[in-house]
*Asks:* 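This is the structure, below, for whatever I ask next.
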Amino acid sequence: MIIMTKELAKNFDSKEAELRLYQLWEAGGFFNPDNLDLPENTPSYTIILPPPNITDKLHIGHAATLAIEDLFVRFYRMSGFRTLWIPGTDHAAIATQTAVEKKIKREENLTRQQLGKPEFLKRVDVFVKETQAVILNQVRQLGSSLDWSRLAFTLDAPRQTAVKELFVRMHEAGLLYRGERIVNWCPRCQSTLADDEVEHQEQQAKFYTFRYASDFPIVIATTRPETKLGDTAVAVNPKDKRYSQYIGQEFTVDFCGQVLKIKIIGDRHVDMAFGTGALGVTPAHSAIDWQMAEANHLPIIKVIDEQGKIHDGFGRFSGLSALEAREMVVEDLKNNNLLVSEEDISNNLSVCYRCDTPIEPLPSLQWFMSVDTPVAHLGGKSLKAKALEAVESGELEFLPARFQKKYQDWVINLKDWCVSRQIWFGHSIPAWYKGTEVYVGRTAPVGDGWVADQDTLDTWFSSGMWTFSTLGWPDTFAGGVKSGDLLRFHPTQVLETGYELITLWISRMVILSYFAVGELPFTKTYLHGMVLDVYGKKMSKSKGNGIDPLIVGETYGMDAVRLSLLSGITAGNDSKYHEEKTAVARNFVNKLWNVSRFILTQAPEPLVVNKAELTLADAWILSRLESVKISVTDSLTKYEFSAAAEDLRVFTWDELADWYLESTKFMSGQSTPAVLRYVLLEILKLWHPFIPFVTEELWQATGEGGYLIVVPWPKANQDYLSTEAEKDFAILKSVVVAIRTVRSENKLDPTKKLPAIIYTKQTELFESVKVLLKSLRTGVDDITIAKTGEAPADALYCQTAEAEIYLPVTVDKTEEIARLTKNEQEVKAFIDRLEKQLANAEFVNNAPTTVVNKERNRLVEFKDKQTALAQALAKLKNLL
RNA sequence: GGAUAUGUAGCUCAGUUGGUUAGAGCGCACCGUUCACAUCGGUGAGGUCACAGGUUCGAAUCCUGUCAUGUCCACCA
């Protein structure tokens, strides 16, 4: 066999290598587990890529997600699992529609209504294809080992079929119903929003305190006087003595020219201390008021319409915007002397999370998913009950564990989910209407006069199905039995995503998977923190503080980008991103490259380690390698990848490069080249999940054959573990460091060679590493080793736990004296401080134990200082 | 208002169930470069582990409180 080792360049050319290597892996079919010849009983390891929204290209946060997941996937693939990582993108209904609307407005100054639905959807389609291509290309460039043969889109044909099917089945099970409820309405998007799609912005508002009419007994307060046109009651706390006498009474008032019938009701939710302690109930425009209205059978009067304008039937107010109407109402109140006060308060304004338009709560006919209805095939339990059971039974695990509480709190308060949206882009709802008749089915009903539902589904409906809709459901679940991909890969092993998606996404996946497949979508969730900018602020397009991972990658290489995003982070905690981090990671990649380059010149061909021929350094590095394998594998299994990277970095840079490689330059045994090569091959494997490109490139250079991406994960060789070797080498290191330090402290000329006298009990060990003691930048030659002996007259002295070292040399004593004098002064200052503290100690006498403990500690320190002082003085005398 | 997290070196962060002298990287100071790597090597300085109590033989770590910062949820009628 002839092994050709490529001559390696001085630095890794990441730009040249990345695309070539990715194509190599893809052509090799390694991303698709079906191509790997795995035994039938091989356990699966499945991850779904959280499908990025196709609204925009990827940012550094996405890169972090991809780096983390690719790390998991590569680790498990090498560990022999049937590993599948499914790629996809999310149509992000409302977000995409908004993005395209803005684009059309900007470029053509047209609204979607002006374009019309068919034309608008065509534009969306073009937009989707463009951004999708950009995103998927970015994902590839980061080296993500995704199985592209299973690429999915939340709105492609298979997903449309699946969504339709699930909707029909849930409707049949009585879980989907249509009803009029107060919804969050965005007048700009012209659509409902889920509760968690509503954001709150602090703002200054006017808080008006007033009476409906002069003959009305109760004063109420509001920030939105215009909605009071629809009031049907005033609610007070039943315990409130000011108002309890009125409860049950009904008043007819003339409010700004509108006749209102106001009933006084008692409700314990009313806060007596807020405002006037009385609340005008507007059932149509407040969720809480709606509930009160239902409880008290109050009529509902709609004031504001879907455009944010006042409905017909309100006289001069009709047709005005809410704000215009508000001003007029206030004016009216003032004129009629009904306004008691007007004060500035700060309150939270609810706005649309996509367009920041203030949302308008109003009643609307929508589709809802019931979370409380018992489901027959789930043992009569509701979706909510199952979602809770998942964590209470411990079946669904959160990492970090604290997020379990967040999930639970949210599920406990879960209300029926409004799944319909009045936007154009998205999954259509498989429902048809004829008069009051409603038909839900896979295809349109036969007969004339049926009108298809014009709404679309909440985007989380389709992303909630992601674990099984990407695995062939419903076809792979015929007859309620899993088959094919679904059988092999579901439930997935871990869901890796940001903690902000616990409620929006994770909970929905749990619910929908239970209903559709009868099992959890995954058993573990790993939640990463957000990548923030240098100042700890969220990155966003509007702030312009976003970072494009590919641009950083151009400069430093994708391996460096990945490694910098994987280092120094912990689960669930945000991290700040500095470009310097990537530069540091690039330096490491360069170090690994050069370590490899050096080793491959020493050992260009496969060699066999012979344990009988090992030098101390050989035995030491082998033992350290095996320990590192164990700790790294353990950390990765526990998803503690930053710790694993840190262990590997220390091993590679400090132990391998700085100590072992240096030592082999001066002391090489028969097996040293074999050891060098073995260590290199093993660390390439260990590093591969973190920095796949450079490690694969180096693997190819070793001539070992095959592809690192599918090389088996290293197992620890217990035979190489040696506490003896680790201990002995540690002794050597400590002596070398001690000599270097004492020379540096005394500012000796580094090129000046000195003799050394070493007194140690371990003479044999020291004799055997004499050459290293001389060579490893100690500037020492002619070493005398003895068990005991006299201290030379003029010599630098240092010691370690195992040895006393003298370097005979004449040094300039003035510097030494200065240092000792400084030491003396420090000790004196300390004694002064201590005396003061002891003098003032009385006032803390109420905590005697602590004082005693503290004083004890201080005395120990004091004793040490005194010893140091005595030594310093003794030396000072000698010098003088 | 509720929940949750964070506070460790100038900066970014580790610190695994409480256990020797609290660590790393960057930055800084000094020294060094023909010999794998200046994207490098060596040495060093730099810490009241936010603050105050408590538990313990022993606390960065556990408990209580205070302060500061961040995030999420709810509400503001």
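In what follows, every chain begins at residue 1, and chains take the letters A, B, ... in the order their sequences are listed.
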*Asks:* Show the nearest heavy-atom pair for residues A/R508 and A/T503, with the distance to one decimal.
*Replies:*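 Reported closest heavy-atom pair: CD-O, 3.9 Å.
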*Asks:* Please state the P separation for the pair B/rG1 and B/rG18 - nearest whole angstrom.
*Replies:*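 One P to the other, the span is 34 Å.
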*Asks:* Please name all residues satisfying salt bridge (charged side-chain N to carboxylate O under 4.0 Å, His left out) with A/K753, sequence neighbours left out, ordered by chain then number.
*Replies:*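 A/K753 satisfies salt bridge (charged side-chain N to carboxylate O under 4.0 Å, His left out) with no residue once adjacent residues are dropped.
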*Asks:* Measure the distance from CG on A/N413 to P on B/rA74 and round it to the nearest whole Å.
*Replies:*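 To the nearest whole Å, that distance equals 9 Å.
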*Asks:* Can you list the residues that meet the side chain to side chain donor-acceptor pair (under 3.5 Å) rule with A/S668, with sequence neighbours excluded?
*Replies:*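 Residues passing side chain to side chain donor-acceptor pair (under 3.5 Å) with A/S668: none at all.
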*Asks:* If we take the C1' atom in both B/rC40 and B/rU33, what is their distance in whole Å?
*Replies:*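 Straight-line distance between the two C1' atoms is 8 Å.
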*Asks:* Can you check the distance between B/rG7 and B/rC62, where both ends of the measurement are the P atom (answer in whole Å)?
*Replies:*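 Result for the P pair: 11 Å, nearest Å.
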*Asks:* What does the 5'-to-3' dot-bracket notation of RNA chain B look like when only Watson-Crick and G-U wobble pairs under 3.5 Å count, and pairs to other strands show as |?
*Replies:* (((((((..((((.....[...)))).(((((.......))))).....(((((..]....))))))))))))....
*Asks:* Contact class for A/R649 (heavy atom, under 4.0 Å): base, sugar-phosphate, or nothing?
*Replies:*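 Sugar-phosphate: the residue A/R649, judged by heavy atoms under 4.0 Å, touches backbone atoms but no base.
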*Asks:* Say you pick atom C1' in B/rA50 and the same atom in B/rA59; how far apart are they, in whole Å?
*Replies:*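 After rounding to an integer number of Å, I get 16 Å for this pair.
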*Asks:* Could you run through nucleotides 29-42 of chain B and give me one letter per nucleotide, 5' to 3': B if any protein heavy atom sits under 4.0 Å from the base, S if only the sugar-phosphate is that close, - if neither?
*Replies:* --S----BBSBSSS
*Asks:* Could you work out, with side chain to side chain donor-acceptor pair (under 3.5 Å) as the rule, every residue matching A/W699, not counting sequence neighbours?
*Replies:*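 If we apply the side chain to side chain donor-acceptor pair (under 3.5 Å) test to A/W699, skipping adjacent residues, there are no hits.
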*Asks:* Atom CD1 of A/I265 and atom P of B/rA77: how far apart are they, to the nearest Å?
*Replies:*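 Value for this atom pair: 17 Å.
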*Asks:* Using atom OH of A/Y212 as one end and atom C1' of B/rA77 as the other, report the distance to the nearest whole Å.
*Replies:*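 Rounding to the nearest Å, OH of A/Y212 and C1' of B/rA77 are 10 Å apart.
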*Asks:* With sugar-phosphate meaning primed atoms plus P, OP1 and OP2, does A/S286 contact a base, only sugar-phosphate, or nothing at under 4.0 Å between heavy atoms?
*Replies:*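 Touches nothing.
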*Asks:* Using atom C1' of each nucleotide, how far apart are B/rG2 and B/rC13 to the nearest Å?
*Replies:*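 So the two C1' atoms sit 31 Å from each other.
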*Asks:* What is the distance, rounded to the nearest whole Å, between atom CD1 of A/I412 and atom P of B/rG2?
*Replies:*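 Whole-Å distance recorded here is 18 Å.
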*Asks:* Figure out the CD/C1' separation between A/Q404 and B/rA3, and round it to whole Å.
*Replies:*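 Distance check: A/Q404 CD to B/rA3 C1' gives 15 Å.
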*Asks:* What I want to check is whether the side chains of A/T582 and A/Y577 have a donor and an acceptor closer together than 3.5 Å.
*Replies:*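 Looking only at side-chain atoms, A/Y577 and A/T582 do form a donor-acceptor pair, the distance falling under 3.5 Å.
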*Asks:* Have A/Y660 and A/E662 got a donor and an acceptor in their side chains that come within less than 3.5 Å?
*Replies:*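 A/Y660 vs A/E662: no donor-acceptor pair found between side chains.
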*Asks:* Identify, with sequence neighbours excluded, every residue that meets salt bridge (charged side-chain N to carboxylate O under 4.0 Å, His left out) alongside A/E579.
*Replies:*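 If we apply the salt bridge (charged side-chain N to carboxylate O under 4.0 Å, His left out) test to A/E579, skipping adjacent residues, there are no hits.
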*Asks:* At under 4.0 Å between heavy atoms, what does A/T282 touch on the DNA or RNA strands: base, sugar-phosphate, or nothing?
*Replies:*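 It contacts nothing in the nucleic acid.
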*Asks:* Could you list the residues that satisfy side chain to side chain donor-acceptor pair (under 3.5 Å) with A/Y639, not counting sequence neighbours?
*Replies:*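 For A/Y639 the side chain to side chain donor-acceptor pair (under 3.5 Å) partners, ignoring immediate neighbours, are A/Y45.
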*Asks:* What is the separation between atom CG on A/L279 and atom P on B/rC75, rounded to the nearest whole Å?
*Replies:*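 It is 14 Å, rounded to the nearest whole Å.
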*Asks:* What pairs with A/Y246 under ring-ring contact (aromatic ring centres under 6.0 Å, His included), at least two apart in sequence or on another chain?
*Replies:*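 A/Y246 satisfies ring-ring contact (aromatic ring centres under 6.0 Å, His included) with no residue once adjacent residues are dropped.
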*Asks:* Using a cut-off of 4.0 Å between protein heavy atoms and nucleotide atoms, how would you tag nucleotides 4-14 of chain B 5' to 3' with B, S and -?
*Replies:* SS------SSS
*Asks:* Using the P atom in both, what is the distance from B/rU8 to B/rA36, to the nearest Å?
*Replies:*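 Comparing P positions in B/rU8 and B/rA36 gives a spacing of 42 Å.
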*Asks:* Taking ring-ring contact (aromatic ring centres under 6.0 Å, His included) as the definition, give me every residue that meets it alongside A/Y526, ordered by chain and number, with sequence neighbours left out.
*Replies:*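 In terms of ring-ring contact (aromatic ring centres under 6.0 Å, His included), with neighbours along the sequence ignored, A/Y526 is linked to A/F72, A/F641.
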*Asks:* With sequence neighbours excluded, what pairs up with A/R740 under the salt bridge (charged side-chain N to carboxylate O under 4.0 Å, His left out) test?
*Replies:*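 Salt bridge (charged side-chain N to carboxylate O under 4.0 Å, His left out) check on A/R740 returns nothing, list empty.
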*Asks:* With A/L698, which of A/I683, A/I691, A/L684 fulfils side-chain contact (heavy atoms from CB on, under 4.5 Å)?
*Replies:*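 One option only clears the test, and that one is A/L684.
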*Asks:* To the nearest angstrom, how far is A/D647 atom CG from B/rG23 atom C1'?
*Replies:*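 Computing the A/D647:CG to B/rG23:C1' distance gives 13 Å.
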*Asks:* B/rU16 and B/rG32: how far apart are their P atoms, nearest whole angstrom?
*Replies:*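 Taking atom P in both B/rU16 and B/rG32, they lie 41 Å apart.
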*Asks:* Rounded to the Å, how far apart are A/F207 CZ and B/rC75 P?
*Replies:*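 Atom CZ in A/F207 sits about 16 Å away from atom P in B/rC75.
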*Asks:* For B/rG23 versus B/rA60, give the span between their P atoms, rounded off to a whole number of Å.
*Replies:*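 These two P atoms come out 13 Å apart once rounded.
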*Asks:* With sequence neighbours left out, what residues match A/K15 under salt bridge (charged side-chain N to carboxylate O under 4.0 Å, His left out)?
*Replies:*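 So A/K15 forms a salt bridge (charged side-chain N to carboxylate O under 4.0 Å, His left out) with A/E554.
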*Asks:* With respect to the side chain of A/K538, which nucleotide from B/rU71, B/rA77, B/rG44 is positioned closest?
*Replies:*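 Nearest nucleotide to the side chain: B/rU71.
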